[in-house]
A.B. asks: 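The structure under discussion is supplied below as structure tokens; questions concerning it will follow.
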Amino acid sequence: MPAFPYSTTYSTTATVAAPAVPPSLCLPVIERAFPRQLHPYWPQLQEKTRSWLLEKRLMPADKVAEYADGLCYTDLMAGYYLGAPDEVLQAIADYSAWFFVWDDRHDRDVVHGRTKAWRRLRFRLHAALDAPADHLHDRDPLVAGLADSVGRLFSFLPDTWNARFTRHFHAVIDAYDREFRNRLEGRIPGVEEYLALRRLTFAHWIWTDLLEPSAECELPDPVRTHPAYRRAALLSQEFAAWYNDLCSLPKEIAGDEVHNLGISLITHEGLNLEEAVDDVRRRVEECISEFLVVEQDVLRLADRLDDGTVRGKQLGAAVRACLANMRNWFSSVYWFHHESGRYMVESWDDRSTPPYVNNEAAGEK
């Protein structure tokens with residue numbers, strides 16, 4: 001069955017109602033102007049990522065059987081990287097699933113004050129990123145899982161792309177460490193500090209980098225850093241990060257979290273909860289409206305690149321493919337938040353512990 005059979009762009013005889021979206025989180029422009037799409041490889045993707053999680057011991061068998069499909073990790077990637085070769089999408093989806101498992105381990109290490117365990121993991125992740133082949137059999141499944149997924153990602157484009165991805169992900173690991181320390185100290189960053197940190201912990205430039213192997217083309221620096229292209233990429237990622245904050249704000253306030261745009265606005269700007277929600281929603285909506293404008297600038301860039309040469313045609317097509325997938329990110333993220341079991345906190349027996357997390361495997365007793 002399709003991941004979202006009510007989609008306007010996925011043909012199927014089965015139809016079910018779209019998930020109910022609370023009025024405070026409903027974005028009619030997304031539902032109207034950003035139709036959902038799904039990579040045709042999705043059924044195999046879901047099955048193979050489920051098997052990969054088991055093979056790499058990232059989730060125990062009972063958790064995979066009960067929760068993996070409902071977490072919708074593969075749905076998110078299959079709705080984003082349209083047009084990617086199957087093996088590229090598979091590597092991205094496995095890496096994405098790994099990222100969610102890593103995020104859960106990070107959370108558990110914070111909750112239980114495991115500073116030594118986190119420090120050890122952080123150093124080993126840095127090492128595995130620099131030399132994936134040397135860490136494929138690391139005793140920690142998270143380290144081995146990163147080595148496997150990154151090693152596969154590094155097989156698609158030249159070493160210059162690999163070096164850029166590596167640089168960007170080293171920064172993400174270090175940002176997670178800053179978040180770890182903030183949470184242990186109960187320190188709520190100011191708004192601008194939070195926004196800068198969020199761009200790293202949400203891995204803005206990692207997901208943007210992965211647009212290129214999906215398009216089977218490494219973009220040259222003048223194209224990738226072109227103001228219109230870079231702005232469109234940033235807006236797609238900011239939308240995702242801030243919409244996540246909007247959806248998560250009530251439960252993160254209840255859980256004494258310190259990393260949420262709304263919490264920073266309340267703490268440092270003096271807003272009440274309702275005003276903070278309005279502010280975050282305004283920022284989310286501005287991402288959408290500005291993207292619709294800059295999208296046209298990127299299309300004009302693609303037209304200029306397509307100058308009649310073979311290389312120009314390749315670059316123009318790659319930019320259009322990357323831009324189309326930036327657009328897909330809006331709808332994929334939006335619906336993910338209303339379908340994934342990761343956000344259905346009200347249904348958990350213990351609101352402080354996600355049911356799909358294996359505490360023992362993370363070092364808890």
A.B. asks: Kindly confirm or rule out a cation-pi arrangement of R230 over W205, judged by NZ or CZ under 6.0 Å from the six-membered ring centre and within 45° of its axis?
C.D. replies: yes
A.B. asks: Does the salt bridge (Lys or Arg N to Asp or Glu O under 4.0 Å) test come out yes or no for D104 and R108, once each step is laid out?
C.D. replies: CA-CA 6 Å; D104 292 333; R108 295 291 91 194; over 6 Å; no
A.B. asks: Test your reading of the model: is there a side-chain donor-acceptor pair from N272 to the backbone of E275, 3.5 Å cut-off?
C.D. replies: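 At least one qualifying donor-acceptor pair exists.
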A.B. asks: Checking ring-ring contact (aromatic ring centres under 6.0 Å, His included) between Y95 and each of W102, F165, Y81, W52, which is the one that passes?
C.D. replies: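 Per the ring-ring contact (aromatic ring centres under 6.0 Å, His included) rule, the option paired with Y95 is F165, out of W102, F165, Y81, W52.
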A.B. asks: May I ask you to decide whether E238 forms a salt bridge with R198, counting only side-chain N to carboxylate O separations under 4.0 Å?
C.D. replies: no
A.B. asks: For the CD atom of E87 and the CD1 atom of I92, what is their distance to the nearest 0.5 Å?
C.D. replies: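 E87 CD to I92 CD1: 10.5 Å, rounded to 0.5 Å.
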A.B. asks: Test your reading of the model: is there a side-chain donor-acceptor pair from S332 to the backbone of L76, 3.5 Å cut-off?
C.D. replies: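 At least one qualifying donor-acceptor pair exists.
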A.B. asks: Considering the options W329, W42, W335, which one meets the ring-ring contact (aromatic ring centres under 6.0 Å, His included) requirement together with Y80?
C.D. replies: W329
A.B. asks: Output yes when D140 and R120 qualify as a salt bridge under the 4.0 Å nitrogen-oxygen rule, no when they do not.
C.D. replies: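 A salt bridge is absent here (no side-chain N lies under 4.0 Å from a carboxylate O).
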A.B. asks: Looking at S331 and R327, would you say the former's side chain and the latter's main chain have a donor-acceptor pair under 3.5 Å?
C.D. replies: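 No, S331 side chain to R327 backbone: no donor-acceptor pair under 3.5 Å.
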A.B. asks: Indicate, with yes or no, if V293 and F34 share a hydrophobic cluster defined by side-chain heavy-atom contacts under 4.5 Å among Ile, Leu, Val, Met, Phe, Trp and Tyr.
C.D. replies: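 Per the 4.5 Å side-chain linkage, F34 and V293 are not co-clustered.
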A.B. asks: Between Q46 (side chain only) and T74 (backbone N and O only), is there a donor and an acceptor less than 3.5 Å apart?
C.D. replies: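 Such a contact is absent between Q46 side chain and T74 backbone.
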A.B. asks: Side chain of T267, backbone of S264: donor and acceptor closer than 3.5 Å?
C.D. replies: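 Looks like no, no N/O pair under 3.5 Å.
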A.B. asks: Using a 4.5 Å cut-off on heavy atoms from C-beta on, say whether the side chain of R300 contacts that of D297.
C.D. replies: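 Yes, side chains in contact.
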A.B. asks: How far apart are the closest heavy atoms of I263 and E257, and which atoms are they?
C.D. replies: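 Scanning both residues, the minimum pair turns out to be CD1-O, 3.5 Å.
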A.B. asks: Considering only NZ, NE, NH1 and NH2 on the basic side and carboxylate oxygens on the acidic side, decide whether R178 and E193 come within less than 4.0 Å.
C.D. replies: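 Salt bridge between R178 and E193, a charged N being under 4.0 Å from a carboxylate O: no.
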A.B. asks: F330 pairs by ring-ring contact (aromatic ring centres under 6.0 Å, His included) with which of F336, F239, Y243, W242?
C.D. replies: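 Exactly one candidate clears the test, F239.
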A.B. asks: State, with a plain yes or no, whether a side-chain heavy atom of V310 is found less than 4.5 Å away from one of K313.
C.D. replies: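 With C-beta onward as the side chain, the pair stays apart.
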A.B. asks: Please confirm whether the backbone N or O of L211 pairs with a side-chain atom of N325, one donor and one acceptor, at under 3.5 Å?
C.D. replies: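 Pair absent, no side-chain N/O of N325 close to backbone of L211.
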A.B. asks: Could you identify which residues cluster with F123, counting Ile, Leu, Val, Met, Phe, Trp and Tyr as linked when any side-chain heavy atoms lie under 4.5 Å apart, either directly or through a chain of such contacts?
C.D. replies: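 Grouped by the 4.5 Å side-chain rule, F123 forms a cluster of one, so the answer is none.
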A.B. asks: Please test D148 against H135 for side chain to side chain donor-acceptor pair (under 3.5 Å), starting from the C-alpha separation and ending with a verdict.
C.D. replies: CA-CA 8 Å; D148 179 83; H135 295 82; over 6 Å; no
A.B. asks: Would you call D177-R119 a salt bridge at under 4.0 Å N-O?
C.D. replies: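 No, no charged N to carboxylate O under 4.0 Å.
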A.B. asks: Show the numbers, then the answer: is there a side chain to side chain donor-acceptor pair (under 3.5 Å) between Q37 and N328?
C.D. replies: CA-CA 7 Å; Q37 300 185 72; N328 287 333; 3.2 Å; yes
A.B. asks: I would like to know whether Q90 and T49 meet side-chain contact (heavy atoms from CB on, under 4.5 Å); could you show each step before the answer?
C.D. replies: CA-CA 7 Å; Q90 187 67 64; T49 293; 3.0 Å; yes
A.B. asks: Quick test of your reading of the model: are R283 and D279 salt-bridged, counting only N-O distances below 4.0 Å?
C.D. replies: yes
A.B. asks: For Y73, give me all partners under ring-ring contact (aromatic ring centres under 6.0 Å, His included), at least two apart in sequence or on another chain.
C.D. replies: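 Partners of Y73 by the ring-ring contact (aromatic ring centres under 6.0 Å, His included) criterion, ordered by chain and then number, come out as F100.
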A.B. asks: Determine whether a donor-acceptor pair (N or O, by modelled atom type, separation under 3.5 Å) exists between the side chain of E218 and the backbone of L157.
C.D. replies: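 Not at all, since once roles are kept as given, no pair shorter than 3.5 Å links the two residues.
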A.B. asks: Under 3.5 Å, side chain of R281 to main-chain N/O of S24, donor-acceptor pair present?
C.D. replies: yes
A.B. asks: Answer yes if L38 and L82 sit in the same cluster of Ile, Leu, Val, Met, Phe, Trp and Tyr residues linked by side chain heavy atoms under 4.5 Å apart, and no otherwise.
C.D. replies: no
A.B. asks: For the backbone of H204 and the side chain of T208, can you confirm whether one donor and one acceptor N or O come within less than 3.5 Å of each other?
C.D. replies: yes
A.B. asks: With heavy-atom distances below 4.5 Å as the criterion, would you say the side chains of D174 and H126 are in contact?
C.D. replies: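 Counting from C-beta outward, D174 and H126 do come under 4.5 Å.
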